[in-house]
> 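Take a look at this one; I'll ask things after.
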Amino acid sequence: MSIQRITIAGVPVDICRSENLENEVLELLAKPGTKQIIFLSVWNLLKARRNKEYAGCVQNADLVLPVSKSIIRGAKFLKKSTPVRYNPFNAVIEVLSVLESHYKSMYLLGARKMTLQKAESNLRATFPSLRIVGRYIGYYPKAAEDSVVEAIYKSSPSLVLVSEGIKEKDFWAYRRRNQFSSSIFVYYRDALGIFAERIKRVNEKAFNHGFEVYSEIFHNPFKIFLIFPYLWYIIIIVWYRLFKK
C-alpha cells in the first residue's frame, strides 16, 4: 500500500497522493468483501470522537480522505505528515475514471427518481465504458431494504455510489458490510444531484481556499453556529499539541 495512515485527535486520516489513487482503487478492487472510502470533514472528525459506532466506521474504512482544510492545518500544527486534501466530487470523478479505464461496474443508490434517471443518463454519456449494473432511489421505505441489499449483492458492482436520501450515510455500508461479496462503497451526499445538474458543485477556487462552508451558510443560515464546534476542534488540537505525544 502506498498510503500512510496518521491520527488527528485520535481519528484516522490517510495520506494518499493523487498520483497514487488509481493504484489504491485497484488494490481495493482486488480485496474480497466490502470496502469503504470515507470523505472526512472536520465535523465528521468531531463526530468520530463522540460517537463510538462512527469511530468504528472510520477505523474500519479502507481509505479515509480529508476534505476540510482545517484537518490539513491540524496535521501541520501537530507536526504530523501532511495529508492531501480532496474535493469529494473531484475524487469521485477520479475513481470513476479508474473504473472506466478498467471496464468495471457501478451501482447508483440514492436521490429521487427523476434525479437518479438524469444522473444515470449523464454518467453513461460521460463514462461509456463504465457499466451501470443497477440503481435504486433514496428515501425508500424500510420494507424495500432487503430488496436493495439483494440487488447490490447479486449485481456485485465494483463501486456503489451512495448519495442523498440514504439517512444512514456512511453507516449504510458499514452496518451491512457482511451482506455483500465484493464492492467499494462511497457516500457523497451531493454526487447524484451534481451529475443530474440539479445541484451546483462548489466553486473550485472557493474550495481551494477553504471557503466552501460559506456556501453552506448561504443556503442554510443556521450553519453559522458551526463556529462553536469549530472552536472546540481548535481547543482539542491545541490540547493534543501541548499534552499528547
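Just so you know, residue 1 is the first one in the sequence shown, and it goes up from there.
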> For a 4.5 angstrom cut-off between non-hydrogen side-chain atoms, does I38 reach Y54?
yes
> Can you name the salt bridge (Lys or Arg N to Asp or Glu O under 4.0 Å) partners of R73, sequence neighbours left out?
none
> Could you pull out the closest heavy-atom pair between L63 and L21, with the gap in Å?
CD2-CD1, 4.0 Å
> Report yes if some heavy atom in the side chain of R112 is under 4.5 Å from a heavy atom in the side chain of R198; otherwise report no.
no
> Between E100 and S129 (side chain of the first, backbone of the second, donor and acceptor by atom type, cut-off under 3.5 Å), is there such a pair?
yes
> Mind checking salt bridge (Lys or Arg N to Asp or Glu O under 4.0 Å) for R124 and listing every partner two or more places apart, or none if nothing turns up?
E120
> Who pairs with K76 by side chain to side chain donor-acceptor pair (under 3.5 Å), at least two apart in sequence or on another chain?
none
> Does CH2 belonging to W239 count more than 12 external heavy atoms closer than 6.0 Å?
yes
> Using 0.5 Å steps for rounding, measure from the CG atom of L46 to the CH2 atom of W232.
9.5 Å
> Taking only residues two or more places apart in sequence, or in another chain, which ones meet Y187 in a ring pair (Phe, Tyr, Trp, His ring centres under 6.0 Å)?
none
> Does the S183 side chain pair with the main chain of S156, one donor and one acceptor, at a distance under 3.5 Å?
no
> Please find the pair of heavy atoms, one from A48 and one from A55, that lie closest to each other, and give the distance.
O-CB, 3.2 Å
> ring-ring contact (aromatic ring centres under 6.0 Å, His included): which pairs involve residues 111-137, sequence neighbours left out?
Y136-Y140
> Between atom CD of E24 and atom OG of S18, what is the distance when rounded to the nearest 0.5 Å?
12.0 Å
> Minimum heavy-atom separation for V84 and C16, please, with both atom names.
CB-O, 3.6 Å
> Which residues satisfy the ring pair (Phe, Tyr, Trp, His ring centres under 6.0 Å) test with Y153, sequence neighbours excluded?
none
> Tell me whether the NZ or CZ atom of R201 lies within the 45° cone about the ring axis of F207 and under 6.0 Å from its centre.
no
> To the closest 0.5 Å, what do you measure between CE (M106) and CD1 (I184)?
11.0 Å
> Tell me, please, which residues at least two apart from T34 pass side chain to side chain donor-acceptor pair (under 3.5 Å).
none
> Once side chain to side chain donor-acceptor pair (under 3.5 Å) is applied, do any residues pair with S182, and if so which ones, sequence neighbours excluded?
K35
> Can you get from M114 to L123 by hopping between Ile, Leu, Val, Met, Phe, Trp and Tyr side chains that sit under 4.5 Å apart?
no
> Could you tell me whether a side-chain N or O of S97 sits under 3.5 Å from a main-chain N or O of I93, the two making a donor and an acceptor?
yes
> Among residues two or more places apart or on two chains, list those pairs meeting side-chain hydrogen bond (donor to acceptor under 3.5 Å, both in side chains) that have a residue in residues 4-13.
Q4-S81, R5-D14, T7-K80
> If we only count heavy atoms from C-beta on, is the K104 to L159 side-chain gap below 4.5 Å?
no
> Going by the rule salt bridge (Lys or Arg N to Asp or Glu O under 4.0 Å), which residues pair with K118 if we only count those two or more places apart in sequence or in a different chain?
E197
> Return the set of residues passing salt bridge (Lys or Arg N to Asp or Glu O under 4.0 Å) with K154 (not counting sequence neighbours), or none when no residue passes.
E150
> Could you check whether any side-chain heavy atom of F185 comes within less than 4.5 Å of a side-chain heavy atom of W172, counting everything from C-beta outward?
yes
> Would N51 and F171 satisfy side chain to side chain contact (heavy atoms under 4.5 Å, CB included), going step by step from the backbone distance to the final call?
CA-CA 12 Å; N51 183 308; F171 280 131; 4.1 Å; yes
> Check the angle between the aromatic planes of Y230 and W43 and answer parallel, tilted or perpendicular using the 30° and 60° thresholds.
perpendicular
> Applying side chain to side chain contact (heavy atoms under 4.5 Å, CB included) to L29 and L99, what does each step give before you reach the verdict?
CA-CA 9 Å; L29 288 171; L99 296 179; 3.8 Å; yes
> Measure across R49 and A9 and return the closest heavy-atom pair with its distance rounded to 0.1 Å.
NH1-O, 2.7 Å
> I72, L65: one ILVMFWY side-chain cluster at the under-4.5 Å cut-off?
no
> How far apart are the C-alpha atoms of V95 and V186, what are their side-chain angles, what is the distance that settles it, and do they pass the side chain to side chain contact (heavy atoms under 4.5 Å, CB included) test?
CA-CA 10 Å; V95 171; V186 177; 5.6 Å; no
> Listing request: all ring-ring contact (aromatic ring centres under 6.0 Å, His included) pairs with a residue in residues 5-28, at least two apart in sequence or in separate chains.
none
> How far apart are the closest heavy atoms of I3 and D62, and which atoms are they?
CD1-O, 4.2 Å
> Can you confirm whether or not the ring centre of F89 sits under 6.0 Å from the ring centre of F195?
yes
> Examine L45 and V238 and state if one hydrophobic cluster contains both, with Ile, Leu, Val, Met, Phe, Trp and Tyr joined whenever side-chain heavy atoms are less than 4.5 Å apart.
yes
> Any link between Y139 and L108 through a network of hydrophobic side chains (Ile, Leu, Val, Met, Phe, Trp, Tyr) touching at under 4.5 Å?
no
> Nearest heavy-atom pair of V133 and S155: which atoms, and what distance?
CG2-CB, 3.8 Å
> Run the side chain to side chain contact (heavy atoms under 4.5 Å, CB included) test on S158 and H102 for me, step by step, so that the C-alpha distance in whole Å, both residues' side-chain angles and the decisive distance to 0.1 Å come before the verdict.
CA-CA 11 Å; S158 306; H102 291 83; over 6 Å; no
> Out of curiosity, N44 CG to C57 SG, how far, rounded to the nearest 0.5 Å?
9.5 Å
> How about I8 and I237: do any of their side-chain heavy atoms sit closer than 4.5 Å?
yes
> Can you measure from CD1 (I194) to OG1 (T115) and round to the nearest 0.5 angstrom?
12.0 Å
> Hey, what do you get for CZ (R241) to NZ (K79), rounding to the nearest 0.5 Å?
4.5 Å
> E164 side chain to G138 main-chain N or O, any donor-acceptor pair under 3.5 Å?
no
> Do I132 and Y103 belong to the same hydrophobic cluster, where Ile, Leu, Val, Met, Phe, Trp and Tyr are linked whenever their side-chain heavy atoms lie under 4.5 Å apart, directly or via other members?
no
> Could you label the plane-to-plane angle of the Y188 and F39 rings as parallel, tilted or perpendicular, counting under 30° as parallel and over 60° as perpendicular?
perpendicular
> Quiz question: by atom type and distance under 3.5 Å, do the side chains of N90 and E94 form a donor-acceptor pair?
no
> With a 4.5 Å limit on heavy-atom distance, are the side chains of L28 and I37 in contact?
yes
